[in-house]
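Atoms considered below: every heavy atom in the structure, side chains included; atoms not considered: hydrogens, waters and symmetry mates.
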Amino acid sequence: MVTNLTVISHSTAALAYLLLAILIASKYLRRDVDRSMFLAALVTTLWSASLVTQSLWAEPGFFMRYLLELLRDASWIAVLLALLRDASRTGQFMGKIRNALSAATITLVVLLITFGIMEYAFGIAIVDGKTKVVGQIALSLLGLSLVEQIWRNCGSMGRSSLKYICIAISTMMAFDFFMYSDALLFGQIADSFWDARGFVIALIVPLLAVNVVNTRKQPIEFQLSRTAVYHVGALSFAGLYLICLAIGGYYVKVMGGDWGNALQVLFVSGSLAFFVLLATSQRIRARLMVFISQNFFDYKYDYREEWLKMTRELADLSNNPPLPERVIRILGGLVESNSGVLWLRDEDGNFALQATANMAAPKYTTIDGQSELARFLQEREWIINLEEYRQDPVRYNLLEIPDAITRFSDGWLVIPMYLGNDLYGLTLIGSPYARVELNWENFDLIKVVARQTCNLLAQADAQNRLSRAMQFEAVSKASAFMVHDLKTLIAQLTLLVNNAARHKSNPAFIDDMILTTEHAVSKMSRLVDHIRKPMDESGPTGCLDLNLLVTQLCEQHGKSEPAPVFAPAPTSVFVNADPDQLKSVLGHLIQNAQDATPSDGEVSLTIKTSEGQAVLFIQDTGSGMSEEFIKFQLFKPFESTKGLTGMGIGAYQAREYVRKIGGNIDVTSEPGIGSCFSVRLPIAAEGETCEQREDSDAKPPARYAE
């Protein structure tokens with residue numbers, strides 16, 4: 001039964017790869033990749049056929065089958081190397097890597113074939129069966145590594161054309177890896193793996209055929225990064241480690257006697273725990289990356305990766321961790337360190353400690369802005385290596401290092417942070433994980449990154465200063481609004497003081513004085529309440545008769561020239577508003593119209609209604625305003641046509657309140673002709689009970705202002 005299944009399985013594979021070879025030969029033999037795939041399909045066909053004939057007629061012998069299998073593995077690896085060969089224009093370094101991989105593959109295949117020939121022809125067994133199995137596993141790992149690198153380094157567009165061949169070859173190599181690993185552990189190839197092997201490699205033929213038919217862009221721009229080399233090295237090390245673990249576990253079991261099984265479990269568990277420790281060690285990773293950079297690359301850094309990593313760190317708008325600590329981590333990561341300290345210049349010109357990372361801060365941390373170190377770094381953009389300084393201070397002109405730096409026992413590099421040409425800060429980087437040999441490339445990259453991060457630190461500091469300035473500005477605006485309201489009260493009280501000498505014996509004047517004082521006290525009380533609770537701006541809202549309110553305002557301002565002329569609406573017009581604030585708003589607009597109009601001019605007020613809104617037109621024949629002033633300055637706080645005598649916030653307050661109750665203020669004006677303010681207010685809903693309240697400040701005392 002096993003023999004029949006083996007025959008069927010490998011016969012299917014032989015037929016499938018023969019058809020694939022015919023397909024490639026008939027149409028696609030123009031490129032190296034096509035020719036290498038054609039050769040691989042032929043060799044795979046011969047190998048599958050040899051397994052079928054061996055199962056049926058016990059021929060060919062083991063050596064021929066073993067030789068064909070080695071050639072099959074080598075031919076599929078050659079397909080992968082052909083993909084790399086088409087990318088040889090990527091540079092000299094890529095050629096070295098390709099040549100090294102090719103040499104490793106050819107050397108391994110030649111050694112295995114040579115050992116087999118010597119054993120077959122001369123009876124000299126240089127390697128035993130287990131070593132041959134290890135060789136097969138090594139070929140599988142090499143093939144998987146090549147597939148992984150091709151997939152990692154091709155662009156997203158190239159992956160669509162390469163995915164079929166990568167999946168097919170990786171499936172073949174992975175199956176062989178597991179089959180031979182299982183054989184190494186148990187001393188023989190499992191029948192289940194052997195019988196299914198032909199079916200597995202036959203199933204991937206459609207993927208290879210689709211790739212051959214559809215792909216016309218297989219050559220890829222292959223770029224090997226440091227991270228890629230690290231992952232390949234880690235993968236290769238992991239494979240070798242697991243192979244050694246399997247061999248060691250086997251011999252522990254064999255030599256352990258009665259305790260063999262327990263010792264094997266103990267050995268495997270301990271070895272796996274040690275492997276996890278190595279894989280998760282940041283120190284081991286750092287040393288491996290330094291070794292790779294020093295021995296396999298012309299440049300120490302993958303600048304694209306470093307810049308993207310820094311951009312991701314700085315683009316994080318959260319404050320976890322804070323920006324100064326992130327800057328320390330970025331600079332430390334360039335030299336495989338995870339500790340450091342950052343100082344920034346304060347308002348006194350000294351350098352104050354801003355953040356630390358994995359370093360305990362001493363008691364005194366401030367660096368004098370006039371210290372020798374600060375002056376030295378201001379003159380020279382040097383990175384100070386404290387290890388070199390301790391060995392040879394003359395190299396740094398016997399520079400005195402402040403105690404705030406020397407108290408950090410793990411300090412290594414002092415990096416100056418420049419904003420433009422000025423020294424803005426200092427960063428102390430702690431000792432690295434692995435020994436790093438510093439050269440011009442390290443220093444140049446550190447300087448560039450230090451300047452870039454320093455700009456971000458300065459921007460963050462500027463934002464903090466701006467935020468504080470805005471808070472002070474808010475206080476100043478609140479004070480300006482308060483002063484504007486106090487000006488009206490001062491004007492009223494000034495009238496009393498100016499007329500007191502003439503009318504102090506007049507009972508009517510005394511009554512007006514009492515009313516005016518009461519009005520001033522009420523206004524100031526509301527002002528104080530507003531300052532204490534600035535968010536509560538609604539005030540008491542009432543239903544007001546707009547005709548009556550405007551009539552009272554006209555009487556109030558009637559003593560000034562030109563006196564306003566009012567044309568009320570035919571019927572009562574009720575609006576919902578705070579009586580005091582609406583009076584203040586409309587009174588301000590009337591007062592402005594009078595101020596802008598000569599005594600022989602006209603100020604007229606008219607109320608009209610339409611579609612649920614009441615509109616109060618305040619027209620004057622004054623100096624008028626330009627369109628530019630109305631558009632950009634009229635309703636802007638602290639802009640005024642009155643020069644230093646005006647605060648420029650009355651119109652702003654007026655419009656803000658009217659908008660708050662659902663209305664708006666529109667302005668039309670022409671210089672030399674006059675202006676018209678249209679105050680639109682929503683009419684109160686029908687059915688509401690409205691009363692016009694009499695208030696103590698409805699009629700400000702102007703009776704004795706003459």
Could you tell me whether the side chain of [Y] reaches within less than 4.5 Å of the side chain of [X], counting heavy atoms only?
X: Ile137; Y: Leu184; value: yes
X: Leu342; Y: Leu353; value: no
X: Arg72; Y: Met172; value: yes
X: Met417; Y: Trp343; value: no
X: Tyr389; Y: Ile401; value: yes
X: Gln136; Y: Leu70; value: yes
X: Val414; Y: Leu386; value: yes
X: Leu438; Y: Val335; value: yes

Stepwise side chain to side chain contact (heavy atoms under 4.5 Å, CB included) test for Gln452 and Lys447: CA-CA 9 Å; Gln452 186 70 18; Lys447 290 176 183 178; over 6 Å; no
Keeping [X] on the side-chain end and [Y] on the backbone end, is there a donor-acceptor pair under 3.5 Å?
X: Ser337; Y: Gly333; answer: no
X: Trp412; Y: Gly340; answer: no
X: Ser431; Y: Asp410; answer: yes

Ignoring hydrogens, what is the shortest heavy-atom contact between [X] and [Y]? Give both atom names and the distance.
X: Val147; Y: Cys166; result: CG1-O, 3.7 Å
X: Met359; Y: Ser339; result: CG-CB, 3.6 Å
X: Leu457; Y: Tyr424; result: O-OH, 4.0 Å
X: Phe408; Y: Leu428; result: CB-CD2, 3.7 Å
X: Asp346; Y: Ala352; result: OD2-CB, 4.1 Å
X: Leu323; Y: Ala460; result: CD2-CB, 3.9 Å

First locate atom [atom1] of [X], then atom [atom2] of [Y], and finally report the distance between them rounded to the nearest 0.5 Å.
X: Ile367; Y: Leu426; atom1: CD1; atom2: CG; answer: 5.0 Å
X: Ile169; Y: Ile77; atom1: CD1; atom2: CD1; answer: 9.5 Å
X: Leu334; Y: Ile429; atom1: CG; atom2: CD1; answer: 8.5 Å
X: Thr453; Y: Ile330; atom1: OG1; atom2: CD1; answer: 6.5 Å
X: Asn455; Y: Tyr418; atom1: CG; atom2: OH; answer: 14.0 Å
X: Arg326; Y: Leu456; atom1: CZ; atom2: CG; answer: 8.5 Å

Positive for side chain to side chain contact (heavy atoms under 4.5 Å, CB included) with Leu139, one of Asp73, Leu144, Asp176, Val134: Asp73
Output, in order, the C-alpha distance, side-chain angles, deciding distance and verdict of side chain to side chain contact (heavy atoms under 4.5 Å, CB included) for Trp382 and Tyr396. CA-CA 10 Å; Trp382 279 18; Tyr396 294 95; 3.9 Å; yes
Residue pair Arg451, Leu419: steps toward the side chain to side chain contact (heavy atoms under 4.5 Å, CB included) verdict: CA-CA 7 Å; Arg451 283 186 174 271; Leu419 185 62; over 6 Å; no
Just do the salt bridge (Lys or Arg N to Asp or Glu O under 4.0 Å) check on Glu388 and Arg395 with the steps written out, would you? CA-CA 8 Å; Glu388 292 182 353; Arg395 190 169 186 175; 3.5 Å; yes
Flag yes if more than 12 heavy atoms outside Glu400 fall under 6.0 Å of its CD atom; otherwise flag no. no
Would you list the atom pairs, donor with acceptor, under 3.5 Å between side chains in residues 368-380 and any protein atom, with sequence neighbours excluded?
unit_1, atom_1, unit_2, atom_2, d
Asp368, OD1, Gln370, N, 3.1
Ser371, OG, Asp368, O, 2.9
Ser371, OG, Ala374, N, 3.3
Arg375, NH1, Gln370, O, 2.4
Gln378, OE1, Leu423, N, 3.0
Gln378, NE2, Asn421, O, 2.8

